[in-house]
Novice: 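The structure that follows is given in the form of structure tokens.
Throughout, numbering of the chain's residues begins at 1 and tracks the sequence.
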Amino acid sequence: MQVPFPRRRSFLSAIAIAAALTACGGSDSPAIMVGTPPAPPPPPPLALQLYTQTNETANTVVHFTRAADGKLTRKEATATAGVGTNAVRANGTPGPNSLGSQFSVIASPDNKQLFVANGGDSSISVMAIDQSTGALTVRKNSKTAGQTPNSLAYSKGYLYASFLRGAKLAAYRVEADGALSQVGLYDIASGTGLAAASIAPTQLVVSPDGKWLVVSAGTGTNAVLSYPMNADGSLGAPLVNNTQFATPFAGLFVPGLSSQVYLSTGITGVSLTSYTLSQSGMLTQLNQAAATGVGAPCWLSITPNGKFAFVGNGSGSISSYAIAANGAVTLLQSVAAEEPSVLTGVSSVAGDSWVSPDSKFLYSTYLGADKVVVYSIAADGKLNKVGETAIGTSTKLSLQGLAGV
């Protein structure tokens with residue numbers, strides 16, 4: 001039987017292909033293509049977590065997860081291996097805000113580590129953040145050479161701490177295992193002209209360009225200090241800014257501006273003041289806005305989009321401010337939110353706060369009411385309460401610090 005022409009051509013083509021494969025060093029056997037399976041996608045970056053310290057004698061950090069609507073779900077509490085102040089202030093009396101500070105709990109920029117100041121035994125805990133669950137594990141608890149660490153700042157592998165007592169600052173290198181190696185211990189009174197007895201630093205913050213550690217030296221000093229930061233983590237001699245400040249407590253830089261603008265709360269003026277930071281570390285006042293009907297404006301948070309600032313008042317309320325494109329501030333509401341007292345004779349104290357990365361939610365501790373409250377932030381800066389979560393400390397007064405990712 002004669003084979004049809006098309007089949008004969010296909011047969012000859014197959015022979016030609018086999019010959020070509022042999023000439024190229026191949027085989028006339030059917031080729032089997034073994035592909036490399038695609039790599040799995042990287043895990044999503046850790047998000048929607050919140051942390052606060054109980055500051056009890058057996059200090060722990062309470063972990064929350066954040067929902068899309070801002071609400072909190074309480075998870076585990078992890079011991080820091082350090083000792084808190086348990087609501088005992090530096091003068092020996094009980095009360096809220098016993099660390100007298102902002103930023104006693106901070107997260108590293110990569111959200112992989114949490115740093116906690118333990119005021120009761122003058123130690124600092126470095127905790128690993130599980131990148132899938134947000135749970136914490138203590139890496140190292142390091143004793144410090146200062147007395148009562150109360151505020152922390154981190155930059156480029158170095159951790160900085162202020163101390164409530166003893167008028168000191170310290171710089172540490174964070175080792176691979178979480179241990180802290182001291183780079184320097186600094187006497188704030190030395191070279192600043194400030195009286196040591198008046199120094200009780202309340203917070204530290206690093207400038208956006210990473211060149212300056214800005215320190216609120218204490219409400220009794222009326223001074224904010226600019227320390228130059230060296231490449232090895234050490235600090236240079238500070239520049240003293242003390243001509244435009246009245247009882248400064250907390251300060252933060254406004255994100256996203258063309259110049260470095262620093263906002264600072266002022267207790268006696270019941271105010272929020274805006275300053276520009278020069279290349280030489282000098283702070284120059286831009287403008288000031290004052291609230292009415294509130295007391296002890298101390299704590300400060302700023303939305304990541306740079307539009308709004310919120311001031312936590314010791315009297316138990318939160319004041320809101322708008323931030324202009326040049327960094328100037330304008331009062332929106334003296335009382336944007338408030339919570340009632342829980343304990344007789346003790347204010348609820350709107351304390352440490354944190355704003356979600358999308359600028360949609362404000363989380364605030366109430367140090368005298370032992371709880372964290374969630375607010376949504378409207379397009380015009382108004383706050384609407386979403387929910388609250390009780391912490392359950394033994395004294396109902398020791399709660400301190402707040403940090404999120």
Novice: Is it the case that Asn150 and Ser104 place a side-chain donor and acceptor less than 3.5 Å from each other?
Specialist: no
Novice: Between Ile318 and Leu362, is any pair of side-chain heavy atoms under 4.5 Å apart?
Specialist: yes
Novice: Just verifying a value: how many Å separate Leu272 CG and Ile323 CD1, rounded to the nearest 0.5 Å?
Specialist: 7.5 Å
Novice: Closest heavy-atom contact between Thr265 and Cys298?
Specialist: OG1-O, 2.7 Å
Novice: Between Thr54 and Thr60, is the side chain to side chain donor-acceptor pair (under 3.5 Å) condition met? List the steps.
Specialist: CA-CA 6 Å; Thr54 63; Thr60 63; 3.2 Å; yes
Novice: Decide yes or no for Ser216 and Phe249: does some side-chain heavy atom of the first lie under 4.5 Å from some side-chain heavy atom of the second?
Specialist: no
Novice: Using only atom types and a distance under 3.5 Å, with no angle test, would you say the side chain of Thr137 pairs donor to acceptor with the backbone of Ala128?
Specialist: no
Novice: Are Gln203 and Ser151 close enough that a side-chain donor and a side-chain acceptor fall under 3.5 Å?
Specialist: no
Novice: Looking at every heavy atom in both Gly316 and Ser347, which two are closest together, and how far apart are they?
Specialist: N-OG, 3.5 Å
Novice: What do you reckon, is NZ of Lys143 surrounded by more than 12 foreign heavy atoms closer than 6.0 Å?
Specialist: yes
Novice: Under 3.5 Å, side chain of Thr365 to main-chain N/O of Asp352, donor-acceptor pair present?
Specialist: yes
Novice: Does either side chain, that of Ser226 or that of Asn241, offer a donor lying less than 3.5 Å from an acceptor on the other one?
Specialist: yes
Novice: Between Val215 and Tyr186, is there a side-chain heavy-atom distance shorter than 4.5 Å?
Specialist: no
Novice: Return the minimal non-hydrogen interatomic distance between Ser162 and Leu169, and the atom names on each side.
Specialist: CB-CD2, 3.6 Å
Novice: Whether the Ser264 and Thr273 side chains hold a donor-acceptor pair (N or O, under 3.5 Å, no angle test) is what I'd like checked.
Specialist: no
Novice: What distance separates Gln49 CD from His63 NE2, expressed to the nearest 0.5 Å?
Specialist: 3.5 Å
Novice: Any chance the side chains of Asn313 and Ser319 put a donor and an acceptor closer than 3.5 Å?
Specialist: yes
Novice: ring-ring contact (aromatic ring centres under 6.0 Å, His included): which pairs involve residues 82-111, sequence neighbours left out?
Specialist: none
Novice: Working to the nearest 0.5 Å, report the span between CD1 of Ile188 and CG of Leu194.
Specialist: 8.5 Å
Novice: About how many Å separate CD of Gln244 and CG of Leu286, when rounded to the nearest 0.5 Å?
Specialist: 10.5 Å
Novice: So, using side-chain hydrogen bond (donor to acceptor under 3.5 Å, both in side chains) as the criterion, who are the partners of Glu388 when residues are at least two apart?
Specialist: Lys371, Lys385
Novice: For the backbone of Gln113 and the side chain of Ser108, can you confirm whether one donor and one acceptor N or O come within less than 3.5 Å of each other?
Specialist: yes
Novice: Hey, could you give me the CG/OG1 distance between Asp370 and Thr389, rounded to the nearest 0.5 Å?
Specialist: 11.5 Å
Novice: Does the side chain to side chain contact (heavy atoms under 4.5 Å, CB included) test come out yes or no for Val374 and Tyr363, once each step is laid out?
Specialist: CA-CA 5 Å; Val374 186; Tyr363 298 83; 3.5 Å; yes
Novice: Is there a side chain to side chain contact (heavy atoms under 4.5 Å, CB included) between Phe308 and Val355? Walk through the geometry before answering.
Specialist: CA-CA 10 Å; Phe308 304 109; Val355 179; over 6 Å; no
Novice: Show, in sequence, the C-alpha distance, side-chain angles and deciding distance for Ser398 and Glu56, and conclude whether the side chain to side chain donor-acceptor pair (under 3.5 Å) test is met.
Specialist: CA-CA 6 Å; Ser398 63; Glu56 295 175 291; 5.0 Å; no
Novice: Given side chains that start at C-beta, do those of Pro238 and Thr192 come closer than 4.5 Å, heavy atoms only?
Specialist: yes
Novice: Determine the minimum heavy-atom distance between Leu283 and Leu277, stating which atoms define it.
Specialist: CD2-CD1, 3.8 Å
Novice: Are the side chains of Phe253 and Val206 in touch, meaning some heavy atoms are under 4.5 Å apart?
Specialist: no
Novice: Hey, does Val270 have a side-chain heavy atom less than 4.5 Å from the side chain of Thr292?
Specialist: no
Novice: Can you check whether Asp232's main-chain N or O pairs, donor with acceptor, with Asn230's side chain at less than 3.5 Å?
Specialist: no
Novice: If every non-hydrogen atom of Ala322 is compared with every non-hydrogen atom of Leu332, which pair is closest and at what distance?
Specialist: N-CG, 3.6 Å
Novice: For the backbone of Ser155 and the side chain of Tyr160, can you confirm whether one donor and one acceptor N or O come within less than 3.5 Å of each other?
Specialist: no
Novice: What is the distance from atom NZ of Lys382 to atom CD1 of Ile377, rounded to the nearest 0.5 Å?
Specialist: 14.5 Å
Novice: Give the intermediate values and the outcome of side chain to side chain contact (heavy atoms under 4.5 Å, CB included) for residues Ser348 and Val342.
Specialist: CA-CA 7 Å; Ser348 61; Val342 175; 5.9 Å; no
Novice: May I have the step-by-step check of side chain to side chain contact (heavy atoms under 4.5 Å, CB included) for Leu180 and Val174, ending in yes or no?
Specialist: CA-CA 5 Å; Leu180 300 179; Val174 182; 3.8 Å; yes
Novice: Spell out, as yes or no, whether a donor-acceptor pair under 3.5 Å connects the side chain of Ser359 to the backbone of Asn305.
Specialist: yes
Novice: Do the side chain of Gln147 and the main chain of Lys168 share a donor and acceptor less than 3.5 angstrom apart?
Specialist: no
Novice: Do Leu114 and Leu136 come close enough that some side-chain heavy atom pair is under 4.5 Å?
Specialist: yes
Novice: With distance as the sole test, does Thr221 use its side chain to make a donor-acceptor pair with the main-chain N or O of Ile199 at under 3.5 Å?
Specialist: no
Novice: Mind telling me whether Tyr262 and Tyr275 have parallel, tilted or perpendicular rings, with 30° and 60° as the class edges?
Specialist: tilted
Novice: Sub-3.5 Å donor-acceptor pair from the side chain of Asp121 to the main-chain atoms of Gly82, do we have one?
Specialist: no
Novice: Can you find a pair of side-chain heavy atoms, one from Ser271 and one from Tyr321, that are under 4.5 Å apart?
Specialist: no
Novice: Measure from the side-chain N and O atoms of Asn118 to the backbone N and O of Gly84, and report whether any donor-acceptor pair falls under 3.5 Å.
Specialist: no
Novice: Might you point out which heavy atoms bring Ala296 and Ile267 nearest each other, and give the distance in Å?
Specialist: CA-CG2, 4.0 Å
Novice: Scan Asn141, Asn59, Thr78 and name whichever one has a side-chain hydrogen bond (donor to acceptor under 3.5 Å, both in side chains) with Ser125.
Specialist: Asn141
